[in-house]
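The chain is numbered in sequence order, starting from 1.
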Amino acid sequence: MLLFERAPLFIGLAAILISAIILRLAWKKKYGFLFFYTLFCIYVLHLGKYTLFPIPIDPRLIADKARVANTFAEEMNLIPFFFPAGFGLADMQVLLNIALTVPFGFGISFLGKTHLRKIVLLGLLVGCTIESLQLLIGLALGFPYRYVDINDVIMNFLGVVIGYGIFRLFSIVFIKVTKNLHIKNDPFMKHIYDVCKEHD
């Protein structure tokens, strides 16, 4: 099995480090931005960990699983809000799929200007990308190693929108709290203030 904690983790961390150095040297990004950029990228790495890994890579294991696996049609649901018996909107797995992308909706605004329409598109993109990658990996393996579900796309989308809503609330509170404080000499706090002000 290909585990996230091995090559994927180290390759991902190396990519984050190199890109942060490039952003600093070539694009002159400030340290406040780089901090949130690095934090967001590490979150995205772990998003991949929980949605894509582990991935079978041993040919014998793949062959064994392929022999007993269901068809792709049996391991796929394209009907919104259709849940197997025993599952529902209050199921823990559903709630986890929402919670999984709340940090995305909250953190993306620290990297660039966002608005509701952009967040809606990003929310759909996040959910569709995760499920599409699960399907593509399954097709490459020759069997559905993960259950592909349109409900996951919907819940991931909701998580992004909720995260953005939390960010907007945070922005209002942060601006009011720091309005009379002297934060201009603190690069970290100033970056947060500038981001919140930009979305005010």
A.B. asks: List, by chain and then residue number, the residues other than Leu45 in its hydrophobic cluster (Ile/Leu/Val/Met/Phe/Trp/Tyr, side-chain heavy atoms under 4.5 Å); write none if there are no others.
C.D. replies: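 Besides Leu45, the hydrophobic cluster comprises Leu2, Phe4, Leu9, Leu13, Ile16, Ile42, Leu52, Phe53, Ile55, Ile57, Ile62, Leu133, Ile137, Leu141, Phe143, Tyr145, listed by chain and residue number.
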
A.B. asks: Give me the other members of the hydrophobic cluster that Leu61 sits in, counting Ile, Leu, Val, Met, Phe, Trp and Tyr linked by side-chain heavy atoms under 4.5 Å, directly or via other members.
C.D. replies: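 Joined to Leu61, directly or through intermediates: Met1, Leu3.
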
A.B. asks: Please report the interatomic distance CZ(Phe36) to CG(Leu111), rounded to the nearest 0.5 Å.
C.D. replies: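 Rounded to the nearest 0.5 Å, the CZ-CG separation comes to 9.5 Å.
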
A.B. asks: I want to check a possible cation-pi pair here: Lys29 against Phe33, using under 6.0 Å from ring centre and within 45° of the ring axis as the test.
C.D. replies: yes

A.B. asks: Going through the distances and angles, do Ile119 and Ile108 end up as a side chain to side chain contact (heavy atoms under 4.5 Å, CB included)?
C.D. replies: CA-CA 9 Å; Ile119 288 296; Ile108 192 67; 3.7 Å; yes

A.B. asks: With sequence neighbours left out, which residue pairs that include part of residues 133-144 fulfil the salt bridge (Lys or Arg N to Asp or Glu O under 4.0 Å) condition?
C.D. replies: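 Non-adjacent pairs meeting salt bridge (Lys or Arg N to Asp or Glu O under 4.0 Å): zero.
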
A.B. asks: Quick one: which residue pairs count as a side-chain hydrogen bond (donor to acceptor under 3.5 Å, both in side chains) with a foot in residues 153-171, not counting sequence neighbours?
C.D. replies: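 Matches after skipping sequence neighbours: Tyr164-Arg168.
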
A.B. asks: Can you name the residues that form a side-chain contact (heavy atoms from CB on, under 4.5 Å) with Lys30, not counting sequence neighbours?
C.D. replies: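 Listed in chain order: nothing, the list is empty.
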
A.B. asks: Looking at Asn97 and Gln93, would you say the former's side chain and the latter's main chain have a donor-acceptor pair under 3.5 Å?
C.D. replies: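 Checked: pair present.
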
A.B. asks: What distance do Leu136 atom CG and Glu131 atom CD have between them, rounded to the nearest 0.5 Å?
C.D. replies: 11.5 Å

A.B. asks: Please, which pairs that meet side-chain hydrogen bond (donor to acceptor under 3.5 Å, both in side chains) have at least one residue in residues 103-123, sequence neighbours excluded?
C.D. replies: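 Residue pairs with at least one partner in residues 103-123: Ser109-Thr114, Thr114-His199.
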
A.B. asks: Starting from Ile18, can I reach Leu34 by hopping between I/L/V/M/F/W/Y residues whose side chains sit under 4.5 Å apart?
C.D. replies: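 Same cluster: Leu34 reaches Ile18 through Ile, Leu, Val, Met, Phe, Trp or Tyr contacts under 4.5 Å.
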
A.B. asks: What pairs meet the side-chain hydrogen bond (donor to acceptor under 3.5 Å, both in side chains) rule with one or both residues in residues 72-83, with sequence neighbours excluded?
C.D. replies: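 Every pair satisfying side-chain hydrogen bond (donor to acceptor under 3.5 Å, both in side chains) with a residue in residues 72-83: Asn70-Glu75, Thr71-Glu74, Asn77-Asp149.
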
A.B. asks: To the nearest 0.5 Å, tell me how far Asp152 CG sits from Phe157 CZ.
C.D. replies: 15.0 Å

A.B. asks: For Val177, what are the other residues in its hydrophobic cluster, where any two members join if their side-chain heavy atoms are less than 4.5 angstrom apart?
C.D. replies: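 Besides Val177, the hydrophobic cluster comprises Val173, listed by chain and residue number.
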
A.B. asks: Asp194 and side chain to side chain donor-acceptor pair (under 3.5 Å): which single residue from Lys190, Lys197, His191 fits?
C.D. replies: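 So, applying the side chain to side chain donor-acceptor pair (under 3.5 Å) to Asp194 and each of Lys190, Lys197, His191, only Lys190 qualifies.
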
A.B. asks: Is there a chain of hydrophobic side chains (I, L, V, M, F, W, Y, each step under 4.5 Å between heavy atoms) that links Phe106 to Ile172?
C.D. replies: no

A.B. asks: Going hydrophobic residue to hydrophobic residue with side-chain gaps under 4.5 angstrom, can you get from Leu139 over to Val153?
C.D. replies: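 Per the 4.5 Å side-chain linkage, Leu139 and Val153 are not co-clustered.
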
A.B. asks: Could you name each residue pair satisfying side-chain hydrogen bond (donor to acceptor under 3.5 Å, both in side chains) that touches residues 40-56, not counting sequence neighbours?
C.D. replies: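 Listed by first then second residue: Glu5-Lys49.
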
A.B. asks: If the condition is salt bridge (Lys or Arg N to Asp or Glu O under 4.0 Å), which residues does Lys65 pass it with, not counting sequence neighbours?
C.D. replies: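 So Lys65 forms no salt bridge (Lys or Arg N to Asp or Glu O under 4.0 Å) with any residue.
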
A.B. asks: From the options Ile130, Thr129, Leu124, select the one residue that forms a side-chain contact (heavy atoms from CB on, under 4.5 Å) with Val126.
C.D. replies: Ile130

A.B. asks: Run the side chain to side chain contact (heavy atoms under 4.5 Å, CB included) test on Val148 and Phe72 for me, step by step, so that the C-alpha distance in whole Å, both residues' side-chain angles and the decisive distance to 0.1 Å come before the verdict.
C.D. replies: CA-CA 9 Å; Val148 177; Phe72 281 95; over 6 Å; no

A.B. asks: Side-chain heavy atoms nearer than 4.5 Å, only ILVMFWY residues, links allowed to pass through others: does that put Leu158 and Leu121 together?
C.D. replies: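 No: no chain of side-chain contacts under 4.5 Å links Leu158 to Leu121.
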
A.B. asks: Taking the six-membered ring where the residue is Trp, are the ring centres of Phe110 and Tyr37 under 6.0 Å apart?
C.D. replies: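 Distance test on ring centres: not under 6.0 Å, no.
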
A.B. asks: To the nearest 0.5 Å, what is the distance between CE (Met76) and CD1 (Ile150)?
C.D. replies: 10.5 Å

A.B. asks: Establish whether Phe35 and Trp27 are linked, either directly or via other cluster members, by ILVMFWY side-chain heavy-atom contacts under 4.5 Å.
C.D. replies: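 Cluster IDs for Phe35 and Trp27 match.
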
A.B. asks: Kindly compute the distance separating CG (Leu47) from CG (Leu100), expressed to the nearest 0.5 Å.
C.D. replies: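 Here the rounded value is 5.0 Å.
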
A.B. asks: Connecting only ILVMFWY residues whose side-chain heavy atoms lie within less than 4.5 Å of each other, what is the rest of Leu25's hydrophobic cluster?
C.D. replies: Leu17, Ile21

A.B. asks: Listed by chain and number, what are the side chain to side chain donor-acceptor pair (under 3.5 Å) partners of Thr38, not counting sequence neighbours?
C.D. replies: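 Partners of Thr38 under the side chain to side chain donor-acceptor pair (under 3.5 Å) test: none.
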
A.B. asks: Between Arg60 and Asp64, does at least one N-O distance fall below 4.0 Å, as a salt bridge requires?
C.D. replies: no

